[in-house]
There are 2 protein chains.
Amino acid sequence: MQQVICTVDVVLLTLQDDALKVALLNRSHEPFQGVAALPGGYIHPQSDGDAQDAALRVLREKTGITPPYLEQLATFSGPARDPRGWSVSIVYYALVPANVVAENVHPGVKLTSVDKPLKLPFDHLEIIRAAVARLRSKSQYSSLPCYLAGETFTLPQLQRVYESLMGEAINKVSFRRKITEMDMLEAVEGVFSSGVAHRPAQLYRLKPEIHEQLALLARGM
Amino acid sequence: MQQVICTVDVVLLTLQDDALKVALLNRSHEPFQGVAALPGGYIHPQSDGDAQDAALRVLREKTGITPPYLEQLATFSGPARDPRGWSVSIVYYALVPANVVAENVHPGVKLTSVDKPLKLPFDHLEIIRAAVARLRSKSQYSSLPCYLAGETFTLPQLQRVYESLMGEAINKVSFRRKITEMDMLEAVEGVFSSGVAHRPAQLYRLKPEIHEQLALLARGM
DNA sequence: TAAATAGTGTCTATTAGACATTATGCT
DNA sequence: AGCATAATGTCTAATAGACACTATTTA
């Protein structure tokens with residue numbers, strides 16, 4: 001009969017100071033007790049409706065966060081990735097605005113730059129690299145970065161999010177044409193009052209019908 | 001302790017008469033014995049190096065085919081998708097040229113149009129829809145369709161493959177510009193002699209360094 | 001040499017980016 | 001008023017598509 005260990009892991013990503021951070025926490029059990037790793041855990045067949053439910057539960061229990069966006073990344077498997085034996089990890093990635101992290105995150109969760117050289121147990125480094133690659137790839141042609149920008153945001157703020165993810169400046173006029181083409185935002189009454197000495201920008205939010213969905217571009221950013 | 005059934009399923013896709021077909025075979029065991037379904041089976045932790053190895057083994061054992069392209073699609077899970085209990089299926093999709101199918105496929109494998117209304121056990125219909133959506137999506141901006149076109153092919157043949165997948169005509173000049181931009185083909189010495197009464201087309205094959213990889217376009221087809 | 005399709009040159013339309021101008025808040 | 005940044009208008013560059021023309025094979 002089978003002896004396959006079945007777990008979920010979650011790559012929680014957020015933007016802090018224009019840099020992409022991943023949430024790590026010190027493991028409470030063996031193997032690798034005390035070592036920083038991705039939040040993860042066993043599937044609970046008695047209570048979990050599917051693997052995504054398990055990922056949401058694990059993320060809530062371990063980090064205190066319920067993410068506005070969660071998507072399956074891939075499944076990692078093999079005999080060597082976990083010292084307990086042949087294992088399967090169904091991995092999800094979550095996008096969370098910085099303020100939602102700050103207000104809800106459990107103490108002990110560490111936000112670490114994804115570009116820093118990380119030492120991580122299991123195949124968690126490979127998993128994080130895959131999640132970041134997926135996010136950056138989808139950011140080229142979709143509304144995905146909006147889920148890192150918060151509940152409401154201005155277009156200059158959103159452009160900074162896209163630029164941080166892509167690692168390069170975007171033409172302002174082209175950016176706004178693309179945002180209009182995606183048809184995913186609605187203006188929030190009242191404007192962003194920056195307190196600084198210049199014209200304030202209009203606030204926007206994702207249209208309700210877009211939540212947890214993605215708007216797509218025909219030809220990319 | 002856990003009671004999670006861990007399996008792999010494979011969506012084998014091929015182009016036959018310009019239509020996308022999926023390989024189905026009648027199940028040899030319960031549940032759904034005798035019913036047409038995707039090739040699938042248990043992971044063998046003693047012998048499988050990872051889930052992809054299990055998918056290759058299952059595909060070879062059940063259909064006789066070793067695919068030139070195999071990629072993880074997604075993992076499907078939950079308590080209701082399999083009557084045996086809470087289950088996980090790590091699903092792969094394979095692209096195989098029609099002639100490779102014809103020359104190697106086991107008797108009993110049925111190729112069925114993916115657009116036909118299918119009655120399938122488990123969540124196999126949803127899985128096939130996801131695989132077709134992934135293939136069509138990636139065909140917009142990558143060399144993926146080449147794996148459906150055979151070992152060697154002419155540019156008019158390749159264009160027909162792309163057009164069949166996308167469901168619409170492509171401008172010939174633009175298509176050739178995009179193929180050149182992807183820089184993935186090398187000419188095969190000698191030309192395709194169609195035997196029909198017109199100018200023969202140059203034969204091409206994927207560059208060796210592209211095999212099992214994808215060439216990408218900056219702005220799509 | 002006529003028919004059929006391969007392959008390419010070139011013009012036009014569409015899309016993206018550069019740059020400039022106007023708008024609007026604050027000090 | 002003057003500064004800073006938001007928002008938009010408009011010109012230019014780059015890319016995509018339409019169309020036509022040449023090339024090469026067989027009947």
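Naming: A, B, ... by sequence-line order, numbering from 1 per chain.
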From CD of A:Gln202 across to P of C:dA23 the rounded distance in Å is 17 Å
Taken to the nearest whole Å, CZ/A:Arg160 to P/D:dA6 is 10 Å
*asked:* So that I can tick it off, tell me whether B:Lys178 and B:Glu181 are bridged by a salt bridge, with the cut-off set at under 4.0 angstrom between side-chain N and carboxylate O.
replied: yes
Q) Is there a donor-acceptor pair closer than 3.5 Å between any side-chain N or O of B:Tyr93 and the backbone N or O of B:Gln72? A) no
Atom CD of B:Gln157 and atom C1' of C:dA6 are separated, to the nearest Å, by 12 Å
With sequence neighbours left out, the residues meeting side-chain contact (heavy atoms from CB on, under 4.5 Å) with A:Arg81 are A:Asp9, A:Phe76, A:Ser87, A:Ser89, A:Asp123, A:Ile127
_For a side chain to side chain contact (heavy atoms under 4.5 Å, CB included) check, start with the C-alpha distance between A:Leu12 and A:Thr63, then their side-chain angles and the critical distance, and finish with the verdict._
CA-CA 9 Å; A:Leu12 190 163; A:Thr63 70; 4.2 Å; yes
Taken to the nearest whole Å, CG/B:Leu155 to P/D:dA23 is 19 Å
Angle class for the A:Tyr162/A:Phe175 ring planes (parallel below 30°, perpendicular above 60°, tilted otherwise)?
perpendicular
field: Exceeds 12 heavy-atom contacts within 6.0 angstrom, atom CZ of A:Arg160
entry: no
B:Gln159 CD to C:dG7 C1', in whole Å, measures 12 Å
In numerical order, the residues of residues 138-150 of chain B whose heavy atoms come under 4.0 Å of DNA chain D are none
Show the distances under 3.5 angstrom between N or O atoms of the protein and N or O atoms of nucleotides 25-27 of chain D.
from	atom 1	to	atom 2	distance (Å)
D:dT25	O2	B:His198	N	3.2

Lys/Arg N to Asp/Glu carboxylate O, A:Glu151 vs A:Arg205, below 4.0 Å
no
From CZ of A:Phe175 across to P of C:dA16 the rounded distance in Å is 14 Å
Separation of D:dA6 atom C1' from A:Ile179 atom CD1, nearest Å, is 15 Å
Numerically ordered, the residues 166-173 of chain A set in heavy-atom contact under 4.0 Å with DNA chain D is A:Lys172, A:Val173
Exercise. A:Ile43 versus A:Ile90: any side-chain heavy-atom pair under 4.5 Å?
Worked result: yes
Side-chain contact check for B:Arg177: nearest option of C:dT10, C:dA16, C:dA6 is C:dT10
Comparing A:Arg219 with B:Arg176, nearest DNA chain C nucleotide closer to 5' gives the residue B:Arg176
Rounded to whole Å, the CG-C1' distance (B:Leu217 to C:dT15) equals 17 Å
Contacts of A:Lys172 meeting salt bridge (Lys or Arg N to Asp or Glu O under 4.0 Å) (sequence neighbours excluded), chain-then-number -> none
Residues 52-73 of chain B vs ring-ring contact (aromatic ring centres under 6.0 Å, His included), sequence neighbours excluded, gives B:Tyr69-B:Tyr147
Closest heavy-atom pair, B:Leu118 versus B:Ser113, reported as atoms and distance to 0.1 Å, is CD1-O, 4.2 Å
